[in-house]
Structures are given as C-alpha cells and as structure tokens.
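Working notes, beginning with the structure itself.
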Amino acid sequence: MFPNLPFRRHPSIAATEQADAREPDSPRPPSLALALGGGAARGWSHIGVLRTLEAAGIRPDIIAGTSIGAVVGGCWAAGRLDDLEAWARSLTRRRMFGVLDVSLAGAGLIGGGKLRTQLESQLGETRIEDLAARFVAISTEYGTGHEVWLGRGDLALALRASYALPGVFEPVRVGGRWLMDGALVNPVPVSAARALGGRVVVAVGLQSEISPHGAVIQTYEATEGDDAVAAGVTRARRRLRLRRNRPKEGAPPPAADRTPGAPGIARVMVQAYNITQDRISRSRLAGDPPDVMIGPRLSGIGLFEFHRADEAIRLGAEAAERSLDAIRDALRAFA
C-alpha cells in the first residue's frame with residue numbers, strides 16, 4: 001500500500017538493525033503494531049492502554065488508528081500524549097460545551113473550529129513522515145466510500161479527517177478528496193497495521209462490551225400488545241394532519257403523541273452507531289484477526305461523555321494489564 005512511504009525509524013528498530021549487522025545470527029525482535037479502534041469518548045481508554053504498555057517496556061513500532069484511535073495514537077507518536085491526557089482529564093460537562101462550537105449552517109452539527117485550534121496548537125506543523133514510529137490514520141471518502149489511509153502530510157489534518165463523524169463534524173478536504181470518519185469502513189484497522197509491516201498486531205476494540213448485536217431472530221411476528229402502539233402512531237399522524245390544515249395563522253400546533261415506549265432521537269442515533277460499528281468490526285476482524293485483542297469494559301461510558309476521561313483511561317489500563325502476558329507470549333513466539 002505504501003511501497004515508497006518515507007518514515008523515520010523507531011529508535012528500537014534502528015538499534016536492532018545495528019545489532020543485527022554486528023551479530024548476524026542473533027534473532028531480530030518482531031515489529032509490534034497497534035490497531036486503535038474508533039469509539040468517540042470511549043477512545044480515551046487508548047491512553048490507559050499506551051501508558052500500561054510503556055510501563056511494561058513494550059513500545060509499538062507501528063500505529064494504525066481510526067477516529068479517536070488516530071487522535072490518541074498520533075499524539076503518542078508525536079510525543080504529545082502527556083498534553084492530550086492532561087486536556088482530556090481537565091474536561092467537564094461545562095467545558096465540553098465550550099469546546100464544541102455548535103453550528104447549524106454547515107455540514108455538521110459541530111463546526112470543529114475550536115477542536116482544530118486545540119490540535120494545531122499541540123501538534124504544530126508535525127508531519128506524519130517525521131514521526132518516530134510508523135503511523136497511519138484511517139478515513140472514509142465522501143461519495144465513493146473508499147477507505148483512505150493517511151500516511152503522509154500534516155498530522156493534525158489527518159487526525160481531523162479520521163474523526164469527522166458524519167452529521168456531527170464537517171467532512172475535511174485532503175488532497176482534493178472530502179474525507180469522513182474512518183470508523184465507517186474500518187473501525188479497528190488491523191489490516192492497515194499489518195500492511196505497514198506489523199508482525200505482531202495488538203488491537204484495541206471499543207465495542208466488544210457495548211454492542212453484542214450478532215443474532216438473527218427468525219419467524220418474528222406482531223403481538224396483541226402492538227395494537228396499542230399502532231393506535232398511538234395513528235393518533236400522532238392525525239394530529240400532524242390537523243397541524244398542517246390549521247386555519248389560524250401563528251397559533252401553536254398541537255404536540256404529536258409519542259409512540260409509547262419508543263426511544264428518543266438521541267438514543268436511536270447512538271444505538272444505530274453502536275450496531276453499525278459492531279457489525280463492521282465483526283466482519284473485518286473475522287477476515288484479519290489480530291494476534292492479541294484488548295477489550296476495555298466501557299459499557300457504562302456514553303459515546304459523547306468526553307468528560308469521563310479519568311474512568312475511561314483507568315479501564316483501558318486495566319484491560320491492557322490483563323493482556324500483557326498474551327502480548328509477551330506473541331512477541332516471544334514470533335521472535
């Protein structure tokens with residue numbers, strides 16, 4: 001995919017190559033790649049995973065990230081994880097409203113100008129090819145649905161394109177293409193991690209405990225209790241017709257009846273995202289599974305609860321701690 005992609009060798013790789021030149025018979029450590037999945041606010045758990053791996057003396061040579069996974073992985077590769085973690089832990093509900101500049105005129109609910117300024121102030125003009133570790137951010141091309149790997153150029157721009165969730169953030173123009181959230185096509189980018197040279201791939205998925213949607217319910221039919229729901233829908237439609245035909249100008253229209261027990265629009269959107277990510281992740285991982293899968297227990301953290309960074313980071317660290325033995329075994333097996 002990137003035959004001529006320039007990148008700076010990770011210090012551990014350079015040292016290994018020098019050792020190999022002196023001792024040709026000594027075994028070469030395998031390249032360790034991390035595939036960091038998307039999941040909005042739950043992605044703060046990636047920080048805990050990286051912190052735990054570092055404390056155990058395990059440093060990835062390659063990082064492939066999608067959406068929030070790209071943000072955390074890119075900041076780590078640029079040496080700015082401390083700044084990102086400090087900012088994430090400082091977020092409160094009130095501060096979140098200050099950071100998210102709501103815009104009803106553009107292509108997304110959030111303009112993203114303040115987040116863009118925050119990223120650019122931390123990363124400056126850092127370019128992907130100058131990072132110490134090999135890095136790629138996954139995005140989706142608007143219109144075609146192509147999976148686009150951003151492995152060159154401006155790091156901050158690539159991260160913005162990778163997390164541009166449709167309907168929430170505006171698409172980002174990169175190299176003449178309009179790009180959106182990479183989680184639409186590759187929520188946990190194991191395939192990219194392997195393509196960049198990862199011999200041992202450790203994936204961090206954020207949906208394993210969120211969306212257990214894998215069953216098929218066959219021969220399903222309506223029940224007697226559905227009649228009451230259908231009646232509620234009929235009343236709602238009748239009220240909407242009355243509102244359209246109301247003769248008086250300026251009078252407030254009657255409120256349409258909400259179908260009993262029906263979820264609200266916000267819950268529907270979040271659950272639709274969870275189901276979609278779960279289904280795509282299952283399909284992609286079945287074809288190209290990682291060597292080790294880390295699954296933080298994030299069911300209690302909402303998709304947009306960015307103010308709960310402390311909890312998400314702790315859960316990520318605990319999940320990584322549980323996987324350390326498996327990671328060491330995989331490294332030894334390949335070495």
Side-chain angles (χ1 to χ4, degrees), residues 1-24 26-37 43 46-66 69-82 84 123 126-138 149-153 155 158-159 162 182 186 188-205 288-294 316-317 319-320 323-335:
M1 183 63 71
F2 295 106
N4 299 314
L5 179 65
F7 66 100
R8 183 179 300 169
R9 292 288 186 184
H10 192 279
S12 63
I13 299 178
T16 299
E17 290 174 344
Q18 293 174 5
D20 288 345
R22 293 191 302 269
E23 302 177 22
S26 60
R28 179 177 177 176
S31 296
L32 174 64
L34 284 187
L36 303 181
H46 291 314
I47 298 175
V49 170
L50 283 164
R51 293 300 194 199
T52 300
L53 295 181
E54 285 182 323
I58 301 173
R59 290 181 61 84
D61 308 297
I62 299 163
I63 290 185
T66 293
V71 173
V72 176
C75 288
W76 179 87
R80 308 302 302 225
L81 189 61
D82 289 345
L84 179 66
L123 300 176
T126 303
R127 296 184 64 81
I128 296 174
E129 53 265 38
D130 294 331
L131 298 175
R134 233 178 157 176
F135 175 78
V136 67
I138 310 300
W149 296 4
L150 300 170
R152 303 173 65 97
L155 176 60
L159 302 188
S162 188
N186 200 349
V188 187
V190 173
S191 56
R194 290 203 189 281
L196 290 183
R199 295 189 63 202
V200 175
V201 177
V202 176
V204 185
D288 195 357
D291 298 291
V292 179
M293 186 72 181
I294 298 177
S323 301
L324 285 178
D325 288 342
I327 296 172
R328 293 191 181 105
D329 289 343
L331 290 171
R332 281 194 293 266
F334 275 89

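Hydrogens, waters and symmetry mates are skipped; everything else that's a heavy atom, side chains included, is used.
- Annotation: side chain of Arg134 is not in contact with side chain of Ile63 (no heavy-atom distance under 4.5 Å).
- Looking only at side-chain heavy atoms (C-beta outward), Leu32 and Ile62 stay at 4.5 Å or farther from each other.
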Test log, rule salt bridge (Lys or Arg N to Asp or Glu O under 4.0 Å), inputs Arg199 and Asp61: CA-CA 10 Å; Arg199 295 189 63 202; Asp61 308 297; over 6 Å; no
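- A donor-acceptor pair is defined here as one N or O able to donate and one able to accept, closer than 3.5 Å; no such pair exists between the side chain of Arg152 and the backbone of Glu129.
- Across every non-hydrogen atom of Ala320 and Val49, the tightest pair is CB-CA, 3.8 Å.
- Summarising the geometry of Ala78 relative to Thr126, their closest heavy-atom pair is CB-CG2, 4.4 Å, with the distance given to 0.1 Å.
- Across Val190 and Ala203, no two heavy atoms sit closer than the pair CG2-CB, 3.8 Å.
- Considering CG of Leu324 and CD1 of Ile294, their distance stands at 7.5 Å, rounded to 0.5 Å.
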Should Asp325 and Arg328 be marked as a salt bridge (Lys or Arg N to Asp or Glu O under 4.0 Å) after you check the CA-CA gap, both sets of side-chain angles, and the distance that decides it? CA-CA 5 Å; Asp325 288 342; Arg328 293 191 181 105; 3.6 Å; yes
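- When side chains are defined from C-beta on, Leu34 counts as touching Leu50, because their heavy atoms get closer than 4.5 Å.
- The closest side-chain heavy-atom distance from Phe135 to Leu155 is below 4.5 Å.
- Without hydrogens or angle criteria, His46 side chain to Gly65 main chain gives no donor-acceptor distance under 3.5 Å.
- One N or O on the side chain of Thr66 and one on the backbone of Asn186 form a donor-acceptor pair closer than 3.5 Å.
- Counting only heavy atoms from C-beta outward, the side chains of Ile58 and Val202 never approach each other to under 4.5 Å.
- Formation of a donor-acceptor pair under 3.5 Å by the Asp291 side chain with backbone atoms of Val201 is found in this model.
- Proximity of Leu123 to Leu159: side-chain heavy atoms (C-beta onward) are separated by under 4.5 Å at one or more points.
- Between Leu53 and Ile327 the shortest side-chain heavy-atom distance falls below 4.5 Å.
- Of the possible polar contacts, one joining the Ser162 side chain to the Ile138 backbone as a donor-acceptor pair under 3.5 Å is found.
- The heavy-atom pair separating Val188 from Ala35 by the smallest distance is CG1-O, 4.1 Å.
- Between Val136 and Ala192, the shortest heavy-atom contact is CG1-CB, 4.1 Å.
- With contacts defined as side-chain heavy-atom distances shorter than 4.5 Å, the pair Trp76/Pro60 qualifies.
- The two residues Ile128 and Leu150 make their nearest non-hydrogen contact at CD1-O, 3.5 Å.
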